[in-house]
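Side chains included, hydrogens not; waters and symmetry mates left out as well; all remaining heavy atoms used.
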Amino acid sequence: MDFQLTDEQRALKGGTRELLAGRFGRDRLRAAVEDPGPDRALWRELGAAGFFALRLPEKDGGVGLGLPEAVLVLEEAGRALLPGPLVACQLLAGVVDGVATGEKTVGLCEGAREPVLWEHPAGCDELILMEGDEEGGDEVEGDEEEGARERTGGAYRSASDRVSCAPFASVDPLTPLARVLDLPRTEPVALDVPRLRREAALLTAAQQLGSAVRTVEMAAGHAREREQFGAPIGSFQAVKQLCAQMLVRAEMARSAVYAASITESVLDITGAKLLADEAAVRNARDCLQVHGGMGFTWEADVHLHLKRAWLRAECWGAAGEAEELLAAGLIA
């Protein structure tokens with residue numbers, strides 16, 4: 001199986017990076033810290049570029065691409081720290097009218113967790129809540145995944161103003177949260193919930209990968225420019241080792257995430273999310289270390305990557321449950 005990107009995929013990745021660099025540069029990033037709600041003008045531009053309709057069939061106005069291409073796009077969004085319910089809008093573009101074009105935004109909540117957290121509540125027009133847990137879940141098909149279990153359940157949609165919620169402190173200033181207290185379950189949605197959960201985990205892992213790669217670039221760039229004792233700090237063995245370890249983690253995560261986007265297996269996605277979470281969090285910490293004292297300041301962007309990585313690491317499968325699922329697959 002060939003995991004190398006095609007020319008078309010490289011063009012898609014490069015085009016997404018160019019679009020985000022032009023429309024969501026550092027000045028916009030810092031402004032978003034004070035006002036983290038989705039920029040509706042940017043959202044519509046992303047919609048016009050096919051960001052959300054990437055996987056919809058062409059006959060339905062989509063681009064007609066697949067999960068690997070969605071991973072590449074979300075990787076670039078994670079690299080840029082683009083705020084907003086990106087994963088939800090990517091997954092639900094064919095479910096809620098207006099999402100594919102960027103005219104509307106939709107949130108996606110995991111009802112099996114406590115507390116039930118909703119990202120960007122003030123910026124969403126609708127909310128879809130997925131319910132169900134692993135108890136009584138079906139066995140995952142496939143010899144290598146025998147014994148691993150997926151959650152099953154239903155999904156309900158509601159207008160955002162009908163959802164009862166309370167503010168919830170977020171570690172990431174770019175991702176405001178609310179705790180869902182109650183949602184009217186009067187409008188069920190026919191969704192493949194287990195598949196939706198898998199793809200949400202993988203697209204979140206892609207965002208983590210993008211952040212991990214970006215912090216490698218930031219650390220290496222600073223190590224080349226910052227001088228101590230008359231030499232760039234990147235020439236010091238300790239700093240070289242930190243940067244090398246960061247690169248190894250990022251590339252391991254990249255291989256796992258890209259492979260999982262092709263196989264779409266439960267265990268592959270679980271492993272990819274685990275590796276991407278580790279790469280994003282540890283790389284951000286090491287990047288901060290390379291930056292030294294200035295890395296701890298509010299003006300540096302390193303802390304934004306670390307806080308986003310912490311938040312994403314708890315979304316759609318935290319480390320503990322991922323390890324349990326992988327262990328169950330190994331001993332089955």
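Residue Asp172 forms a side chain to side chain donor-acceptor pair (under 3.5 Å) with just one option from Lys307, His303, Arg308, and that option is Arg308. When the options Val33, Leu311, Leu82 are evaluated for a side chain to side chain contact (heavy atoms under 4.5 Å, CB included) with Leu174, the one that passes is Val33.
In plain terms, the two heavy atoms of Arg113 and Trp316 that are nearest each other are NH2-C, 4.2 Å. In terms of heavy-atom proximity, Thr105 sits nearest to Cys124 at OG1-CA, 3.2 Å. Contact record, Val290 with Ala223: CG1-CB, 4.3 Å, taken as the closest heavy-atom pair. Nearest approach of Val116 to Cys109, heavy atoms of both residues: CG1-CB, 3.9 Å. Here the closest heavy-atom approach between residue Ala260 and residue Ala272 is recorded as CB-CB, 4.0 Å. Closest approach of Cys89 to Val106, counting heavy atoms only: SG-N, 3.6 Å.
Side-chain contact of Ser160 with Asp125: a donor-acceptor pair under 3.5 Å is absent, judged by distance alone. Between the side chains of Glu75 and Gln207, no donor N or O sits under 3.5 Å from an acceptor N or O. Between the side chains of Thr215 and His305, no donor-acceptor pair is found at a separation under 3.5 Å.
When the salt bridge (Lys or Arg N to Asp or Glu O under 4.0 Å) test is applied to Asp192, no partner is found at least two apart in sequence or on another chain. Not a single salt bridge (Lys or Arg N to Asp or Glu O under 4.0 Å) links Asp97 to another residue, sequence neighbours left out.
Put simply, the side chain of Gln90 gets close to the backbone of Phe51: a donor and an acceptor are under 3.5 Å apart. Put simply, the side chain of Ser211 never gets that close to the backbone of Gln208: no donor and acceptor are under 3.5 Å apart.
A ring-centre distance under 6.0 Å is not found for Phe168 and Trp118.
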